[in-house]
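These notes are about the structure you will find just below.
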Amino acid sequence: MSIRFPDGFLWGTATAAHQTEGGNWNNDWWAWEHAPNTPCVEPSGDATDHFWRYPGDLDLLAELGFKAYRFSLEWSRIEPEEGEFSTAALDHYSRMLDACLARDLVPVVTFHHFTSPRWVAADGGWTEARTAERFARFCERAVARLGDRIGIGCTINEPNVVSLIGWMIGAFPPGHQRDLEGYARANDVLLDAHRRSYDVLKAGPGDFPVGLTLSMSDWADEDGDATRIDEYRRVHEDFFLEGARGDDYLGVQSYSRTRVGAEGVLGPETGVEVLPMGYEYWPTAAEASIRHAAEVAQTPLYVTENGIGTDDDDQRIRYLRDSLAGVARTIDEGYDVRGFFHWSLMDNFEWAFGYMMRFGLLAVDRETQARTVKPSGRWLSQVVTSNELDT
Ligand code: GCO
């Protein structure tokens, strides 16, 4: 059976500056990677040298038939010290925008993707109220230079992951565990930063949709207790989904399932395949998250990230086939889903996991940086060029 996606459905891939550019030494993540007892398995180092190799990467993306490219700006390059803005860094991202447009790729620009300049982190980071104003000021300077060519803007990538893993789990900077007060404060400052930057980006130059992207899950309760799911989801997802009401879109980013029970958040269910990332193989996560995001955020949606970290490329194809079938079901039911961005264009630095998690459609040789299109990249290329999915 073949499923056709709507005409104009936007097919893209996503990356992030720190995970691909290389040499992002002036941000909190580089410091985190080199801190004593860091949880990071390895430093980001040269990453995939995308800062210099992006023209060839965009050539490959365009050759595969994609129509959009989501990437992020590295705040620490653009504002290396407070109030000191780099024209050269803005020129670099300006060239990236021109390179996208020259290849008929809609540039989807994320203004914050997990990393903050060292000077921001040193002054309280996301638990310091002034960070929201500082972030909005950075967005103002960036959009002044870049806004005329941006296709879609994303203020902050997964603010709920920045706060949860930074202040409750401890695997992201600043590495706090069970810091409930810091977690709540970070959520407040992150949402304030989103609201301020949304207004700044909408003021232009340029006229493009603006929203935030959110880490979401399918949810299950081991006793079927929906109220328990609501309690967890309200803090982790709905706080930002409600905060995003009135935005031009909400970016759904969902990979797996979260299970809860009387003892709290549970691990994978016995008998369900577990991926190298430690979570369940759960290809209907995007479908479930679209439904919940639409209900709470009440905005148009893009799936701004979806994919699977695996060395089994056939498994990637199976996952994507089922995931896309789920996305298509929501569209058939009338949900306003406007595009799908595969995470990721290429294998890259998977945060604390380093380079051992491979989410890319392109393999990257860690020695030579050579890119190789995987069979899953060819498979997805067929889908995006035909705008149809064979199930
Ligand atoms: C995230 C980030 C990406 C990850 C991807 C795979 O959603 O955590 O946006 O940077 O690399 O999701 O885990």
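In each ligand, atom 1 is the first atom listed, and ligand 1 is the first ligand listed.
- Here the heavy atom of the protein found nearest to atom 5 (C) of ligand 1 is Y255 OH, 3.3 Å.
- Between N27 and the options H18, E33, R77, a side-chain hydrogen bond (donor to acceptor under 3.5 Å, both in side chains) holds for only H18.
- An N or O contact shorter than 3.5 Å is missing between N348 and ligand 1 by distance.
- For atom 9 (O) of ligand 1, the nearest non-hydrogen atom of the protein is E305 OE2, 2.6 Å.
- Of the protein's non-hydrogen atoms, E158 OE1, 3.1 Å is the one closest to atom 1 (C) of ligand 1.
- Polar contact check, Y279 against ligand 1: no nitrogen or oxygen pair lies under 3.5 Å apart.
- Those atoms of ligand 1 with a heavy atom of Q253 less than 4.0 angstrom away are 7 (O), 9 (O).
- Residue contacts with ligand 1 for N157 involve side-chain atoms from C-beta outward but no N, CA, C or O (heavy atoms, distance under 4.0 Å).
- A salt bridge is absent between R228 and E222; no separation between the charged side-chain nitrogens and carboxylate oxygens falls under 4.0 Å.
- Ring centroid separation for the pair F349 and Y355 comes in under the 6.0 Å cut-off.
- The side chain of E350, and not its backbone, has at least one atom closer than 4.0 Å to an atom of ligand 1 (non-hydrogen atoms only; side chain from C-beta on).
- Look at R134 and E128 and you find no salt bridge, because none of the NZ, NE, NH1 or NH2 atoms lies under 4.0 Å from a carboxylate O.
- Ion pairing between a basic and an acidic side chain is recognised when a charged N comes within 4.0 Å of a carboxylate O; R185 and E181 show no such pairing.
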